[in-house]
Amino acid sequence: MDKPKVVLGVSGGIAAYKACELLRRLTESGHDVRVVPTASALHFVGAATWSALSGNPVATEVWDDVHEVPHVRIGQGADLVVVAPATADTLARAAHGLADDLLTNTLLTARCPVVFAPAMHTEMWEHPATQENVATLRRRGAVVVEPAVGRLTGVDTGKGRLPDPAEIFEVCRRVLARGAAEPDLAGRHVVVSAGGTREPLDPVRFLGNRSSGKQGYALARTAAARGARVTLIAANTALPDPAGVDVVPAGTAVQLREAVLKAAADADAVVMAAAVADFRPAAYATGKIKKKDDQEPEPIVLVRNPDILAEISADRARPGQVIVGFAAETDDVLAHGRAKLVRKGCDLLVVNEVGEHRTFGAEENEAVVLAADGGETPVPHGPKEALAEIVWDLVAARLH
Ligand code: CTP
């Protein structure tokens, strides 16, 4: 089989050096990569580096190798174009259909999916001109990854950092896997909760659960690759932030509820993949609970936590909002799942079997998605991303 052909557009920002790692990841995972830098990108990383790492010739202008008509051929032959970093200037030229160098010509001739990973100073990102250009590109079907928040060039911090190259690579992989399929969540805001809540007993102890957050992160990543704006509410996870996703940390069930309600206010869909503790200790000891040699330990008294999924399902923030729950069951899985779907009032319930060595922390999953309208979609054993794609297929069908 031919290697998938990827065009890596690099524009002139300091983050250009991070595109070297993206390039390595793409080539090492079996992609044929043609790097098309802008002239200003070469101020940051030279053509020799791009050529050596990609194993392909590198040009910035349409006047090199004219007999091969590169300004048309490179775009036509691509399975994916990814521009990382995409500067404000490159986004503007792409949005307006300019064709004044090889990269912009390639963007006009490409008929494959296009991913932009912008990087710039916060002021430039937030400027209405840039925001309108991004909206135009998204409306036309491009995936524009939200920049990360953090240290920028110099001493500034804010939104505008290029996301981690490993995460941009994940977006590329997902977009390539979807092929020519439209980014069907473009223009949508989706909220995903992930991980497991921790309910503190005292400053050093908590009641928690085994959820790693991997399924929720897979949902966030796949939704971003399908064009959605994603808010990921992360409860006690130790996973890298997915590219282009707004990550909101939450510790306890009460904090998670607050974050979910806030984000759900303008969301098209909410997926509750987090394992939320049903109960929390009735009392919190402000000092560490000490053992007393001559006494049995005090019993821990628990009180109920709010049921977030039931609450947002009963009181939808927007008409037509699609709500998805997860059910972790250890026995009689389907019967419990059906009863839970009715009890929670959500539209879809992903039912999977859990146990000490099943699902929690694993890379793979097996489930059945039950729908309130009677549908039942079995998901065979496979990667958590495959289950995530099926969940979004079912959500997208309900949104359209
Ligand atoms: N959930 C929630 N708030 C809670 C408990 C659970 O929003 N307080 C959500 C979870 O995020 C998940 C779904 O409800 O999407 C099902 O969670 P699960 O623990 O399986 O269900 P429970 O309601 O706790 O039912 P039970 O413990 O009786 O099985």
Side-chain angles (χ1 to χ4, degrees), residues 190-200 206-220 223 231-237 248-265 267 269-282 302-317 321-356 358-361 365-372 379 384 387-388 390-392 394-395:
V190 304
V191 176
V192 178
S193 70
T197 64
R198 289 180 180 178
E199 310 298 326
F206 58 83
L207 301 181
N209 61 65
R210 295 177 189 276
S211 178
S212 66
K214 286 180 186 164
Q215 183 62 64
Y217 276 60
L219 281 155
T231 306
L232 173 64
I233 299 167
N236 309 297
T237 57
V248 179
T252 65
V254 169
Q255 290 165 351
L256 189 80
R257 174 181 173 275
E258 239 170 71
V260 168
L261 292 186
K262 186 164 174 242
V270 183
V271 182
M272 286 292 298
V276 184
D278 290 320
F279 307 104
R280 66 177 181 275
L302 300 175
V303 293
R304 254 181 198 284
N305 267 330
D307 187 327
I308 307 164
L309 179 60
E311 183 178 346
I312 59 171
S313 300
D315 189 11
R316 310 253 169 160
Q321 188 177 64
V322 180
I323 297 181
V324 186
F326 271 69
E329 304 291 347
T330 52
D331 54 275
D332 220 352
V333 176
L334 276 186
H336 281 133
R338 283 201 189 90
K340 197 170 281 181
L341 176 66
V342 174
R343 206 165 63 237
K344 301 272 188 178
C346 51
D347 302 293
L348 297 165
L349 188 74
V350 185
V351 186
N352 54 36
E353 198 170 341
V354 294
E356 212 171 329
R358 298 183 71 148
T359 303
F360 284 139
N365 211 347
E366 183 180 336
V368 178
V369 188
L370 303 177
V379 184
K384 291 187 169 179
L387 171 57
I390 291 171
V391 169
W392 293 125
L394 295 167
V395 168

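None of these values were measured; they are calculated from a predicted model. Every number for a ligand or one of its atoms is a count from 1 in the order of the listing.
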Looking at atom 26 (P) of ligand 1, tell me if a protein heavy atom falls under 4.0 Å from it. yes
Could you walk me through whether H336 and D331 pass side chain to side chain contact (heavy atoms under 4.5 Å, CB included), step by step? CA-CA 8 Å; H336 281 133; D331 54 275; 3.8 Å; yes
Can you sort out which atoms of ligand 1 are near G325, meaning under 4.0 Å from one of its heavy atoms? 15 (O)
Which residue and non-hydrogen atom of the protein lie closest to atom 8 (N) of ligand 1, and at what distance in Å? P306 O, 2.9 Å
Donor-acceptor pair between Q215 and N365 side chains, under 3.5 angstrom: yes
Strictly under 4.0 Å, does any heavy atom of A327 approach an atom of ligand 1? yes
Atom 17 (O) of ligand 1: which protein heavy atom is closest, and how many Å away? F326 O, 3.5 Å
CG/N236 to OG/S211 distance, rounded to the nearest 0.5 angstrom? 9.5 Å
Using a strict cut-off of less than 4.0 Å between a Lys/Arg side-chain nitrogen and an Asp/Glu carboxylate oxygen, indicate whether D307 and R343 qualify as a salt bridge. no
Checking a contact table here: which protein heavy atom is nearest atom 7 (O) of ligand 1, and how many Å away? L309 N, 2.8 Å
For atom 15 (O) of ligand 1, which of the options K344, M272, E311, K340 provides the nearest non-hydrogen atom? M272
Considering heavy atoms of the protein only, find what lies nearest to atom 11 (O) of ligand 1 and give residue, atom and distance to 0.1 Å. A274 O, 2.7 Å
Is the number of heavy atoms from other residues, nucleotides or ligands under 6.0 Å of D315 CG greater than 12? no
Part of R343 within contact of ligand 1 (heavy atoms, under 4.0 Å): side chain
Please say which of V192, V324, L256, V191 ends up in a side-chain contact (heavy atoms from CB on, under 4.5 Å) with M272. L256
Number the atoms of ligand 1 from 1 as they appear, then name those within less than 4.0 Å of a heavy atom of A328, with their elements. 20 (O)
Would R198 and L207 count as a side chain to side chain contact (heavy atoms under 4.5 Å, CB included) if you check the C-alpha gap in whole Å, the side-chain angles of each, and the deciding distance to 0.1 Å? CA-CA 6 Å; R198 289 180 180 178; L207 301 181; over 6 Å; no
Return the residue, atom name and 0.1 Å-rounded distance of the protein heavy atom closest to atom 3 (N) of ligand 1. I308 N, 3.1 Å
For atom 5 (C) of ligand 1, which candidate among D307, D278, I312 provides the closest heavy atom? D278
Looking only at atom types and distance, does a side-chain atom of E311 sit under 3.5 Å from a main-chain N or O of P306, one as donor and one as acceptor? no
